[in-house]
Structure formats: C-alpha cells, structure tokens
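Data first, discussion second: the structure below is written as structure tokens.
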Amino acid sequence: MQAYYDQVKAAAAAVRDKAGTVPEVAVVLGSGLGDFAGTLGGPVSMPYQSLPHWPESRVVGHAGRLVIGQMGPRRVAALAGRCHAYEGHDLKTVTFATRVMGMLGVRTLILTNAAGGINTGFGEGALMVIDDHINLTGGNPLVGENDERFGVRFPDMSEVYARRLRAIADETAAAQQLPLRHGVYAALLGPSYETPAEIRYLRAIGADAVGMSTAVEAIVARHMGMDVLGLSCITNMAAGVLPQPLRHDEVMATARRVRGEFIGLLEGIIGRL
Ligand code: HPA
C-alpha cells in the first residue's frame, strides 16, 4: 500500500488535474450546510468517490463532493460532507481531506459544523465563532511516526483558530447585523449524544458548544501551518438544557433553517480575506 503522504499527494494531483487551478481558501461544510458549495461560480464538482484514496462519509445530510469554484476574486474549495471518527474511520482517514487541502496550497481553512449549545446564553440557530477547542475525542490525528514533510513533531496549539480570522468574522457579522457568538468547542467521539451529566462537566471545564468533528481537522491544519477559522451552527441546546430528547433530524432542520444566514456570513468572510 502507498504511504499516507503519497496517497495525499495522489489525491491532491487528481484535484489539481480536474480543477485546473488550485484553491486558496477551503471550507468544510457541516451537517445541513452543504448548500454553500452551490454558490461558487464556474464550479468544478468532484464526487469524493472519483478522487483516489478519498474516504467517503455515509452520514445522512452529507453529500460527499468537493467543489472548486470562484467567489469574487478568490478560488475556493468547498467540501460538502466529511468523515467522522464515529463512523469507524481512524483519525488519519478523518483528516485526509484536510491534508489534501494543505498539500494543494490552501492557506485558509474554514471549518464549519453543527453543534449543541452548552452555554445557556445561546439559543437554537445561533452562530458561534470557535475561539478554541477541547479535544475530548480520545485520539489525536498526529499519533504515530511524524512525517516532517507535513509538519513538526510537537506543533504549537496556542492559537489554533487565528485571531485575525476571528476578527474578520466579527467585522463581517457586524456589517450584516448578524449576531455572532464566541466560544470554546468541545469535540467528543460520539455518535451517541451526551448525557446531561457530561454536558454539566463540559460546561464546568469551559466549553460553550459540543460536537463530533472539527478539532482533529484543526490540529492537522495547524500541523501544516494553515490558518483556521471555526464556525459552529448551534443546531440544538445540548442534552439536559431543555426538557426534551435530542434528535438528528432536528439538528438538520435547524441547520437548514439558518443556512441562508450561514452562507451569507461565509461569503462575507471570504470577501474580506
Ligand atoms: N452534541 C454533539 N454533537 C452535536 C450536537 C450535540 O448536541 N448537535 C449537533 N452536533
């Protein structure tokens, strides 16, 4: 079997061949937020299964394609559908797409997700800039022999989510008169939602939102020196906050309800990069 680095390289070469150009910005679209891919001009759409070594996600609500197109002066890659560790993929597989984006020369990676609101000041449908994360997935995608071609053995994580990009998100939201929250994202393995006791624990350790993605991709992006922006759509209040059970279809319904605002925010941010 080809070494991991060579698989990433082969996938990057295939993307470059199909798209003709390389993106500067990449956006990973969370559950229910895939529509953003349809807003790019002159799009080249690549189903994941058409790209070598590309893992497929089978979560409902994840379409599974890479679209490269134009947004204003920027070449943008939109990743509709991502792999999650809870599907049984190892973390090298989960972060494969992030590696390919880095290898293509993407400098700015925008990671979006659906998340549960732990901070009781948030409401369903709120949008949150991720200021920092707590990786509680039980794994780290950099475990194992370090490939120096990707990055250093012990990468710094003191500013995973670039201050500059968070400020751009704030400016954009202000210009659009869109309320935008800030907070710490706790990443758990899933796929079961949390218990109320787990949510109280997460609140106590400083988390504002909880989800099952993003943190491991952000770690890999920083390993490769990309600048990262994280945006969460608070699709539901976390377990135990409201006296009702959590349901994936409600998560999806909220994401769909706010996708217009979310896409507008993304477009505005990319316009200001
Ligand atoms: N918990 C974990 N992941 C999630 C949630 C949640 O409440 N909502 C959307 N993704």
Side-chain angles (χ1 to χ4, degrees), residues 27-36 57-64 79-89 91 94-95 110-139 141 161 180-219 229-259 261-263 265-266:
V27 188
V28 179
L29 301 162
S31 306
L33 304 168
D35 283 2
F36 172 79
S57 165
R58 288 180 192 84
V59 190
V60 180
H62 292 256
L79 293 125
R82 55 148 70 94
C83 264
H84 300 82
Y86 63 70
E87 295 172 71
H89 300 293
L91 294 179
V94 171
T95 53
I110 305 179
L111 298 170
T112 73
N113 59 52
I118 296 175
N119 185 326
T120 53
F122 295 173
E124 256 179 40
L127 303 182
M128 184 190 93
V129 174
I130 302 177
D131 286 330
D132 204 349
H133 73 225
I134 305 174
N135 176 19
L136 297 172
T137 62
Y161 303 89
L180 187 59
R181 317 292 180 143
H182 280 254
V184 171
Y185 175 89
L188 272 64
L189 178 60
S192 52
Y193 288 123
E194 302 70 35
T195 64
E198 286 165 344
I199 294 303
R200 289 193 298 274
Y201 158 78
L202 293 173
R203 187 179 296 120
I205 63 170
D208 298 287
V210 59
M212 306 171 191
S213 68
T214 302
V216 295
E217 295 155 308
I219 290 169
L229 176 66
L231 295 172
S232 292
C233 170
I234 306 298
T235 50
N236 57 284
M237 292 313 289
V241 175
L242 301 174
Q244 64 196 40
L246 271 55
R247 296 171 42 145
H248 180 63
D249 54 350
E250 285 171 8
V251 166
M252 297 296 296
T254 307
R256 274 196 297 273
R257 182 162 61 76
V258 301
R259 66 187 159 186
E261 279 176 15
F262 203 90
I263 288 171
L265 180 66
L266 277 174

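The model shown is predicted, which means the values in this text are computed figures rather than measured ones. Ligands are counted one by one from 1 in listed order, and the atoms in each one are counted from 1 as well.
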Exercise for the section: May I ask you to identify, for Ala239, whether its side chain, its backbone, both or neither come under 4.0 Å of ligand 1 on a heavy-atom basis? Expected result: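 Under 4.0 Å from ligand 1, Ala239 contributes no heavy atoms.
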
Problem - Pick from Ala255, Gly116, Gly211: the one approaching atom 3 (N) of ligand 1 most closely through a non-hydrogen atom - result: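 Looking at heavy atoms only, the winner is Gly211.
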
Handout entry: His182 and its side chain to side chain donor-acceptor pair (under 3.5 Å) partner, picked from Asp132, Asp208, Asp131
Key =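 Going through Asp132, Asp208, Asp131 one by one, the side chain to side chain donor-acceptor pair (under 3.5 Å) with His182 is satisfied by Asp131 alone.
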
Run the numbers for me: atoms of ligand 1, each under 4.0 Å from some heavy atom of [X], listed by number.
X: Asn236; value: 5 (C), 6 (C), 7 (O), 8 (N), 9 (C)
X: Thr235; value: 8 (N), 9 (C)
X: Met212; value: 2 (C), 3 (N)
X: Glu194; value: 1 (N), 2 (C), 6 (C), 7 (O)
X: Leu246; value: 7 (O)

Return the minimal non-hydrogen interatomic distance between [X] and [Y], and the atom names on each side.
X: Phe122; Y: Met128; answer: CE1-SD, 3.5 Å
X: Tyr161; Y: Ile130; answer: CB-O, 3.3 Å
X: Ile134; Y: Val184; answer: CG1-CG1, 3.8 Å
X: Ala85; Y: Leu189; answer: CB-CD1, 3.5 Å

Exercise for the section: Pick out which of Thr112, Val94, Leu111 makes a side-chain contact (heavy atoms from CB on, under 4.5 Å) with Arg82. Expected result: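 Going through the options one by one, the only one that passes is Leu111.
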
Exercise for the section: Report yes if Ala114 has an N/O atom closer than 3.5 Å to an N/O atom of ligand 1; otherwise report no. Expected result: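 The answer is yes, given that Ala114 and ligand 1 share an N or O pair closer than 3.5 Å.
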
